Amino acid sequence: MLILGIETSCDETSAAVVEETGDTSKPWAVRSNIVASQVAIHREWGGVVPELASRQHIRDICGVVERSLDEAKAAWADLGAVAVTQGPGLVGSLLVGVSFAKSAAAAAGLPLVAVHHLAGHIESLVLQNGELPLPAIVLVVSGGHTSLYLVEKPGHYALLSRTRDDAAGEAYDKVAKLLGLGYPGGPVIDRLARTGNDRAVPLPTTRLTHADRNAPELKGDLDFSFSGLKTAVLRYVQSKSEVGSQKSADLRLQTSNFDVADICASFQRVVVTGLLDRLFDAARRYQAKSVGIAGGVSANSRLRAELADRGARREMPTFLPSLALSTDNAAMIAAAGLRKFRAGARASMDLNADAALAL
Ligand code: KG4
Ligand code: ZN
């Protein structure tokens, strides 16, 4: 069976065709995965502008879906279902995908499956690597989320912890902005960090020991926090700039007061260590047989390398999506949709987008 996936939760319009392989250990194969990124549009504003995003989704959705079918050499009649991201995300953006998917499913007489965006990120690991040894701990880390999930059975995701404030990707984007590096911040900080000294700038690590009163069902000590780190980078840059301007009006002297690559490397070390400490902490507590990282930040080179390293030291299998499957894409939505479809899930024609959908 073939399934069409549609993803429009943020700033990429994506459509994909995924095939069920019949192989239980590697259940799905990507036939096509088309992504129209809006980064160039939002870069000018330093971040995603929701109204511009939804308008661009409307412009792109038809062409992106047509290309995904062409590339998969599939016609509407070859499909068995349509899967779409219902939430969470920007409501105007989500509505474009949900409306399109409902119309397409109705017109082609196909069943419709609603998918949670983070279930898509988690299933990107299975799409790439085949079924994970369970129980698994999966860290979903993107521009909007930093959450740990326990997967005990395929398709069941139990939330263990999440960020109390900024997502890790959001911290990358904010730090890049204050360093004047542009949007999105992750890839450029990742690149600059390679030439910097990761111990040059003293930055705080955060450890939460108490439960969050906004989420009493979570223990809290596996929670993340990144806003203090972002503020520490800001304070560091401000302090160095003031010293520089007092001592000399010479611009070269001022910029030599701090090295952007050192800041990037130090920031990245603290983020990556914080993410991996909690991931492996959770793995130990829940006696996991594997760990994985999904979402846009899983593209980070240091995170990928250190995950493999720590996993090897603990003899713990580790899983990552390919770079194409790490940032937002519809193939992961199609995969999660197939999982739900096989479990009997069907969405009705009154399906609505839900910006704050829970998993
Ligand atoms: O999953 P995604 O495409 O969209 C959301 O659902 O948020 O993730 C985008 C986020 C951005 O914050 C971006 O800065 C970050 O992923 N990102 C990275 C890297 N590539 C993208 N962060 C760190 N290192 C990277 N190489
Ligand atoms: Zn995402």
Side-chain angles (χ1 to χ4, degrees), residues 5-14 16 33 35-39 42-43 46-48 50 53 57 85-90 93-94 97 115-125 127 138-147 149 162-163 166-179 181-194 196 198 224 226 229-230 264-265 267-276 293-307 320-333 335-336 355-357 359:
I6 294 175
E7 153 67 36
T8 63
S9 68
C10 189
D11 62 343
E12 357 261 358
T13 317
S14 182
N33 190 18
V35 181
S37 171
Q38 304 178 2
V39 162
H42 301 291
R43 182 171 284 140
V48 178
H57 284 307
T85 307
Q86 184 192 3
L90 303 170
S93 294
L94 288 165
V115 173
H116 191 286
H117 183 75
L118 298 191
H121 276 301
I122 294 171
E123 298 300 351
S124 74
L125 292 169
L127 187 56
V138 178
L139 168 67
V140 181
V141 58
S142 68
H145 299 271
T146 305
S147 305
Y149 285 92
R162 55 174 182 38
T163 180
D166 293 348
E170 192 178 356
Y172 268 94
D173 295 338
K174 287 179 175 173
V175 166
K177 195 171 186 174
L178 74 90
L179 293 172
L181 300 174
Y183 173 85
V188 55
I189 290 183
D190 191 1
R191 186 163 41 77
L192 288 171
R194 285 179 207 151
D198 68 3
F224 303 89
F226 294 102
L229 175 60
K230 167 208 67 195
C264 291
F267 166 78
Q268 181 150 290
R269 180 179 62 80
V270 174
V271 173
V272 167
T273 307
L275 292 173
L276 291 178
I293 306 183
V297 180
S298 73
N300 186 266
S301 61
R302 181 165 184 160
L303 188 62
R304 296 177 87 87
E306 281 193 24
L307 173 71
L320 286 161
S322 66
L323 291 182
L325 292 178
S326 73
T327 44
D328 288 349
N329 69 87
M332 67 185 194
I333 302 303
L357 187 65
L359 181 62

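Every number for a ligand or one of its atoms is a count from 1 in the order of the listing. The figures that follow rest on heavy atoms only: side chains count, while hydrogens, waters and symmetry mates do not. Note that the structure is predicted; figures quoted are calculated from it, not measured.
Inclusion of Gly295 in the set of residues having an N or O under 3.5 Å from an N or O of ligand 1 is not warranted. Looking at Asp190 next to ligand 1, an N or O pair under 3.5 Å apart turns up. For a threshold of 3.5 Å applied to N or O pairs, the pair formed by Gly186 and ligand 1 contains at least one separation below that value. Distances between N or O atoms of Thr327 and those of ligand 1 include no value under 3.5 Å.
The nearest protein atom to atom 2 (P) of ligand 1, hydrogens excluded, is given as Asp328 OD1, 3.5 Å; this is a heavy-atom distance. Nearest protein neighbour of atom 24 (N) of ligand 1, counting heavy atoms only, is Asn300 ND2, 2.9 Å. The shortest contact between atom 17 (N) of ligand 1 and any protein heavy atom is with Gly296 O, 3.6 Å. Ranking the protein heavy atoms by distance from atom 9 (C) of ligand 1 puts Gly143 N, 3.8 Å first.
To the nearest 10 degrees, the angle centred on the Zn ion (ligand 2) between NE2 in His117 and OD1 in Asp328 reads 90°.
Contacts between His145 and ligand 1 below 4.0 angstrom, taking non-hydrogen atoms only, are absent altogether.
Between Leu179 and Phe267, every side-chain heavy-atom pair lies at or beyond the 4.5 Å cut-off. Side-chain contact between Ile6 and Thr85 is absent, with no heavy-atom pair separated by less than 4.5 Å. The shortest side-chain heavy-atom distance between Gln268 and Ile189 falls under the 4.5 Å cut-off. Residues Leu359 and Tyr149 form a side-chain contact, since some pair of their non-hydrogen atoms from C-beta on lies under 4.5 Å apart.
We find the CG-OG distance between Leu125 and Ser298 to be 7.5 Å, quoted to the nearest 0.5 Å.
In this structure, Glu12 contributes its side chain and Val35 its backbone to no donor-acceptor pair below 3.5 Å.
Heavy-atom distances between Pro187 and ligand 1 reach below 4.0 Å in at least one pair. Note on ligand 1: Gln268 sits outside its first shell, no heavy atom being nearer than 4.0 Å. Note on ligand 1: His121 sits in its first shell, one or more heavy atoms being nearer than 4.0 Å.
In summary, the side chains of Asn329 and Ser14 do not present any donor paired with an acceptor at a separation below 3.5 Å, with no hydrogens or angles considered. Counted by atom type alone, Glu7 and His117 present one or more donor-acceptor pairs between their side chains at under 3.5 Å. One side chain, Thr13 or His57, offers a donor N or O that lies under 3.5 Å from an acceptor on the other. Using a 3.5 Å distance cut-off with no hydrogens or angles, the side chains of Asp190 and Tyr172 do not pair a donor with an acceptor.
The contact set between ligand 1 and Gly169, taken as ligand atoms under 4.0 Å from a residue heavy atom, comprises 12 (O). Close approach of ligand 1 to His117 (heavy-atom distance below 4.0 Å) involves ligand atoms 6 (O). With ligand atoms numbered from 1 in the order given, ligand 1 contributes 7 (O) to contacts under 4.0 Å with heavy atoms of Gly144.
Salt bridge status for Asp166 with Lys230: present, with a side-chain N to carboxylate O gap under 4.0 Å.
Remark: among candidates Leu118, Val297, Asp173, the nearest residue to atom 14 (O) of ligand 1 is Asp173, based on non-hydrogen atoms.
Within the 2.8 Å limit, His121 places at least one N, O or S atom next to the Zn ion (ligand 2).
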